[in-house]
Amino acid sequence: QSQSIITSKPETTTHPLKIYPNPVYGILTIDYGENRYDMVRIISAEGKTVLEEKAVFPVQQLDFSSLSKGVFLIEFTSTGGRRQLIKIIK
């Protein structure tokens, strides 16, 4: 008689950030959902940081009105080393 052992990996669920509107003209809204980040940073196409602040949960708004038109990256980081980049157009 043979025995079988069944193992499974815990299922990981990802909850995407909701970021709108994109393209943005004034205020960008970030809905973190269940995501937890410590810092949020806006990076220009030239690689310069144009805004950096603490992440505010559950919803945060960033003002893009003073930024010139172009492509930006929003970088979300956590103290645990987790990092996410999202492209935004103004």
Side-chain angles (χ1 to χ4, degrees):
Q1 189 175 28
S2 67
Q3 293 181 341
S4 297
I5 298 174
I6 300 172
T7 61
S8 67
K9 252 177 128 173
E11 189 176 308
T12 56
T13 307
T14 57
H15 301 279
L17 295 167
K18 294 177 186 168
I19 299 177
Y20 54 91
N22 189 8
V24 61
Y25 301 101
I27 302 295
L28 182 79
T29 301
I30 303 165
D31 183 345
Y32 288 98
E34 294 182 21
N35 295 287
R36 292 294 174 258
Y37 290 99
D38 298 303
M39 296 297 293
V40 59
R41 181 168 68 130
I42 300 173
I43 305 165
S44 70
E46 295 81 29
K48 295 180 181 177
T49 298
V50 294
L51 176 76
E52 185 171 21
E53 59 184 62
K54 275 187 89 163
V56 178
F57 299 97
V59 176
Q60 182 169 10
Q61 293 187 323
L62 301 177
D63 188 357
F64 271 70
S65 61
S66 65
L67 302 178
S68 58
K69 289 184 179 183
V71 177
F72 297 87
L73 287 177
I74 299 185
E75 178 186 51
F76 301 92
T77 55
S78 70
T79 53
R82 192 169 71 148
R83 180 176 175 235
Q84 183 171 355
L85 290 170
I86 295 176
K87 183 169 76 171
I88 298 293
I89 298 170
K90 178 176 184 218

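What's counted below: heavy atoms across the whole structure, side chains too, no hydrogens, waters or symmetry copies.
- The backbone N or O of Phe57 lies less than 3.5 Å from no partner atom in the side chain of Arg36, so there is not a single donor-acceptor pair.
- Atoms CG and CZ, from Leu51 and Arg41 in turn, are 10.5 Å apart once rounded to the nearest 0.5 Å.
- Note: Phe76 and Tyr37 have tilted aromatic rings, judged against thresholds of 30 and 60 degrees for the angle between ring planes.
- In the hydrophobic cluster analysis, where Ile, Leu, Val, Met, Phe, Trp and Tyr join through side-chain heavy atoms closer than 4.5 angstrom, Ile74 is grouped apart from Ile89.
- The shortest non-hydrogen separation linking Val56 to Tyr32 is O-CE1, 3.2 Å.
- For Ser78, there are no side chain to side chain donor-acceptor pair (under 3.5 Å) partners, not counting sequence neighbours.
- With hydrogens and angles ignored, the 3.5 Å screen pairs a side-chain donor or acceptor of Gln60 with a backbone N or O of Lys54.
- Thr49 has its side chain out of reach of Glu75: every pair of non-hydrogen atoms, C-beta onward, lies at least 4.5 Å apart.
- Leu85 and Val50 are assigned to two separate hydrophobic clusters, defined by single-linkage of ILVMFWY side chains at heavy-atom distances under 4.5 Å.
- A distance of 4.0 Å separates CD in Gln61 from OG1 in Thr29, rounded to the nearest 0.5 Å.
- Residues Leu28 and Leu17 fall within the same hydrophobic cluster, defined by Ile, Leu, Val, Met, Phe, Trp and Tyr side chains chained together at heavy-atom separations under 4.5 Å.
- With Asn22 contributing its side chain and Lys87 its backbone, the two residues share a donor-acceptor pair below 3.5 Å.
- Ring pair Phe64/Phe72 is perpendicular by interplanar angle, where above 60° counts as perpendicular and below 30° as parallel.
- Without hydrogens or angle criteria, Asp38 side chain to Thr79 main chain gives a donor-acceptor distance under 3.5 Å.
- Pro21 approaches Ile27 most closely through the heavy-atom pair CD-O, 3.6 Å.
- Among Ile19, Ile43, Ile42, the single residue meeting the side chain to side chain contact (heavy atoms under 4.5 Å, CB included) criterion with Ile88 is Ile19.
- Side-chain contact between Asn35 and Arg82: present, with at least one pair of heavy atoms (C-beta onward) separated by less than 4.5 Å.
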